[in-house]
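Here's the structure we're looking at; comments come further down.
We name chains A, B, ... by the order of the sequence lines, and we start the count at 1 in each one. What's counted below: heavy atoms across the whole structure, side chains too, no hydrogens, waters or symmetry copies.
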Amino acid sequence: MKKTIKVAIALLLGLTSPAMAQDIKVGTIFPLSGGAGPDGQSVTNAVKLAIEQINEKGGLLGRKITLISKDDESTPAVGVSRANQMIAEKVDVVIEGWNSPVTLAMQPILARAGVLDITAVSKSDLILAGETNPLAIRINSSNGFDAGVIAKYVAETLKAKKVAFLTQNDVYGNGFQTAVEAEFKKLNFSGQIVTTEKFAFKDTDFRVQLTSLKSANPDAIIVTNSSNSSGLPAMVEQYRQADLKSTFVGAVGIMLPTVFKVAGDANNGIISADIYFWNLPPFDAIPESKSFVAAFKKAYGVEPDKSAALGAAALQVWARAVEATKSLDRKTVAEAIRGTTIKGTVFGDAQFLPNGQLQPRYVVFKVVDGKTAKLEALE
Amino acid sequence: MTVIESHSTNQLPVVRSAAIAVLIAVGFFLPRLLGGTSVAYSTLTTIAIFAVMCYGVDVVLSYLGEVSLGHTLFWAVGGYTAANLSVKYGLNGWSTALATVGLCIVAAGFLGAVTLRTREFVFSLVTYAAAVVAYEIAFNWDAIGGSDGIVGISALKLPFGFATYVGGTQEELWPIAFVLLLLTLAFIARFRRSRLGTTALMVQMNPPLAASLGIDPRKVRLAVFLISAPITGLAGWLYAYQRAYVGPDMFESYFLVMMLTAVVLIGRRVLVGPLIGTAILIAQQNLLSLGGDWNKIILGSVLALVLIFWPTGLVGFFRRFGKTRA
Amino acid sequence: MNIAQQIVNGLVLGSGYACIALGWTILLGVARLVNFAHGQLYMLGAFATWYAMTRLDLPYPLAILAAIVALAVLGALMQSAMMGLVMTQNLTSLMIVTLGLGYVLQGASALIFGGNPQTLPGTLSRAKVDLGSLWFTWQDVLVLAATLALYGAVWLFTQKTRFGSVIRAVAEDPKLAELFGINAKIVYLLVFVFECAAVALGAALVAPRSPILTSMGFNEVIMTFVVVVLGGIGSIGGALVAGLGLGLFIAFFGAFVAHAYTTAAAFAVLLALLVVRPAGLAAK
């Protein structure tokens, strides 16, 4: 029964031959159902495409790569089950993580079993804390560096005199706010933080907070909201309806395609930053990015967004390290990634800090036309 | 039917004891019999832990006739106690287990007292409200873990004076989980025949008779509730060591639905009911998963259909083919 | 601190809570049925409205009607399946059956409608009203008006008509009512269908405020629970007062204390009240 399902999945994923003993196995664990399902599906598709691109050029170490994709349903307990299944299938690497609690639950399981674990999207700082996984690798940017970019822009370019925070009440949101405040201190920011309003990730109605913010009348409001499918688009629309004159400064990476699709031109004028854009410099000049964008558009009908880029980069970074070390051993490959620069990814040269964090290149942008997601890179 | 089923108080025949001993031995070596891989160990350990978690809810359902939607609270108390005390103070397994039992009894005392006068759906809703409040506290209180929880829970250490048993890998945790499951089963088998157990059943099935015998139903309710809490709590305690990570996800409906499903699927007051129910659910999730959406449809349909056709659980289906009970 | 705007916000939130809670409290009061599928029914009501507007090109008012009819039919089917359990008042099993059915609805909806967020165009949620420094949308006005009208209609129906007293009789004592020739089965069926229709109306009016997802449901209706118990189970007037009151509480607690803790605060208040008065606030 299990074999039938495996073959069925392999066929569904478009791979024509069933998994053979010689193939290299890559596992992905992302939410494929539930609220984050479409996002997780997009990342998985990107990994799949990156694998196909490598297979077309002769594979990895002369062997074909096959993909085993599983759904963690955004639930840590389910993620742990899936991680155990990956271990049973003897995969060579697991690329995982949209929700931080799921990543944190899976890390010790994979580490104990000696399976290399690359976190693509989850943002928690604990992922790289080293206790549960001393060989952790993460592709998405961390709150610490993100905060620097936003703080610098608000303090030095916007030159805001009064700043307010609209923060998601969890470790991610509160952590980002704390980091921005610390950066403000470092920059000797002369402005004043007038108020902080918080909300829960699942909230979709923000009138109460927006009313309070309007009374405080800051020059800029720094918004941290990772609910790209429901809360954030609703917030953007309500922000415009409440007629807030303050500049909407979004935390790094929150302006995902669904936000533009749902909130449309309510997004106009929003300032934010991100670490990948298929059509903005410097990324539109990187050869791997261009070929990936073309292939993604051909296969899935849309251009890849930042999340897809993270998935593809995770796979490419791992594949390059495997090629360089001619090994699939967890420690060898991990040490060939951490603290080094990997060339030939959709991000161009991927520079990793010793703790496994990818050092991104940020682009600050302004939304020119929300309906078409047209952005203008700022400096 | 007002007659309480009396259980035989004769000593167990030798054959029956031998059969149970064989079952226990087979159970203990089951992971090895199934291949001895770390996945076999981890799956069976998970089944054992989740089964013990379900037995807490089972006690309340079987002996009080109430559906407690708040047992995730005790599950989380166990997990958070183990995590916080071992990570922050380096306490060993005995201390954290003791603390878990103590805290669960306190929490159950409070919640039980609050729900003394409530019945049926009000009871369920109040227990649910308590779990929601506890979730919000756990989510927002950074000192005990906050929204990301506690990582890096070290291996379980159980000192025995001359040596310390360390439960770090799944293979090492299995005996502990197995023993916990056995203790729970033994406790529940005992509880059935105990004074409190039979009294609780009488109160549930024939309140006027119980009243005429001078039994105070509120004391009985509280006692049963107090006993059910540490069972689920200790399951949460062991889960913290197995997963090495504890977070507010302990309050998620994933665990609550598992507790309810495992308990009602087979039937009430069937000793191995929750165990079988848990094993079926975990097996489906691990071996027959058709994706998150189809899994929901299957789980929901099974739950609804079983209860619609056999409100007493699947045993109702099997009893049709067995001997009829007086 | 804009008090007047927060009052408006509170009324907007509260009328939403009250609208969604009406069906649930009546069902609970009459049939003692805890409908755990309420959240998924809300989600389905929203998607039915969306489908009618975007795929069948119906105008908003007709789409609302379509959603109500669709969910009423679904409710009839669900209640027929559960009828045995309802008649024997096997309340614990009923609760879990509705939980199971809710799961089925969620999984099926995800497969049918997909996981992407959708918006409901053509509603009044973008039509703003500016009254001096206050702002709200025409949709908010619609929700408040519809809620008051619905509550008024239901109250009149149960208090003044014969069928209303039939329902109240079944709620009090189903066996006695049967002795008087009342068909309890029909009553239960109609009450459940009403619950589904009411939540469909609530969804059609309230859901357009934000994008809809097939994964939503539980969180949207969690306040229903607080409203129903605070207002007194089965009490119509109680649910309206509790709903609006809760909305105002959320607005002011959020404005003066911290919005992130409003759920905890609401449930803590609920727990405290249940300790003091286990039957809820309204005396039956």
Side-chain angles (χ1 to χ4, degrees), chain B residues 61 64-69 110-111 113-140 253 256-257 260-261 263-265 268 290-313, chain C residues 28 32-34 36-37 40 78 81-85 88-112 114-115 214-215 218 222 225-226 228-229 233 258 260-272 274-280:
Chain B
L61 183 62
L64 294 183
E66 308 278 16
V67 176
S68 166
L69 300 176
F110 175 70
L111 190 53
V114 165
T115 56
L116 267 183
R117 286 179 289 168
T118 64
R119 292 286 178 277
E120 294 174 338
F121 57 78
V122 182
F123 173 86
S124 300
L125 295 183
V126 173
T127 52
Y128 185 74
V132 171
V133 173
Y135 166 78
E136 294 281 329
I137 294 175
F139 188 89
N140 287 301
S253 64
L256 178 61
V257 172
L260 294 175
T261 309
V263 165
V264 302
L265 199 59
R268 295 185 204 187
L290 297 171
D293 299 326
W294 275 110
N295 284 350
K296 284 206 171 77
I297 294 178
I298 292 173
L299 177 63
S301 310
V302 167
L303 206 50
L305 289 172
V306 166
L307 285 179
I308 287 174
F309 289 110
W310 302 285
T312 52
Chain C
L28 199 53
R32 276 178 283 282
L33 209 177
V34 179
F36 274 123
Q40 280 75 34
M78 284 170 68
M82 299 191 290
M83 193 57 83
L85 290 171
T88 56
Q89 286 280 282
N90 191 336
L91 299 174
T92 51
S93 297
L94 263 180
M95 254 197 281
I96 300 180
V97 168
T98 58
L99 185 68
L101 290 174
Y103 260 47
V104 173
L105 290 176
Q106 186 164 39
S109 303
L111 289 174
I112 296 173
T214 49
S215 59
F218 196 67
I222 200 172
F225 179 96
V226 180
V228 166
V229 181
I233 292 167
Y261 304 128
T262 44
T263 313
F267 274 82
V269 167
L270 179 69
L271 262 181
L274 283 168
V275 174
V276 173
R277 287 199 63 153

So what's closer than 4.5 Å to chain B heavy atoms on C/Leu270: side chain, backbone, both or neither?
side chain
So do the side chains of B/Asn295 and B/Leu299 get within less than 4.5 Å of each other, counting heavy atoms only?
no
Region of C/Phe267 in contact with chain B, defined by heavy-atom distances below 4.5 Å
both
Is C/Thr98 reaching over with its side chain to a backbone N or O of C/Val34, donor-acceptor style, under 3.5 angstrom?
yes
I'd like to check B/Val67 versus B/Leu61 (side-chain heavy atoms, cut-off strictly below 4.5 Å). Are they in contact?
yes
Go through C/Leu85, C/Ile222, C/Leu33 and name the one with the most non-hydrogen pairs under 4.5 angstrom from chain B.
C/Leu85
For B/Leu125, which atoms come within 4.5 Å of any heavy atom of chain C: side chain, backbone, both, or neither?
both
Engaged part of B/Thr261 at the chain C interface, taking heavy atoms whose separation is under 4.5 Å:
neither
Are side-chain heavy atoms of C/Met95 and B/Leu260 found at a separation under 4.5 Å?
no
Structural part of B/Leu256 lying under 4.5 Å from a heavy atom of chain C
neither
Do C/Phe36 and B/Leu69 have side chains that approach each other closer than 4.5 Å (heavy atoms only, starting at C-beta)?
yes
Considering only heavy atoms, which portion of B/Val264 lies under 4.5 Å from any heavy atom of chain C: side chain, backbone, both, or neither?
side chain
Between B/Asp293, B/Leu303, B/Thr115, which has the largest tally of heavy atom pairs under 4.5 Å with chain C?
B/Asp293
First locate atom CG of B/Leu64, then atom OG1 of C/Thr92, and finally report the distance between them rounded to the nearest 0.5 Å.
12.0 Å
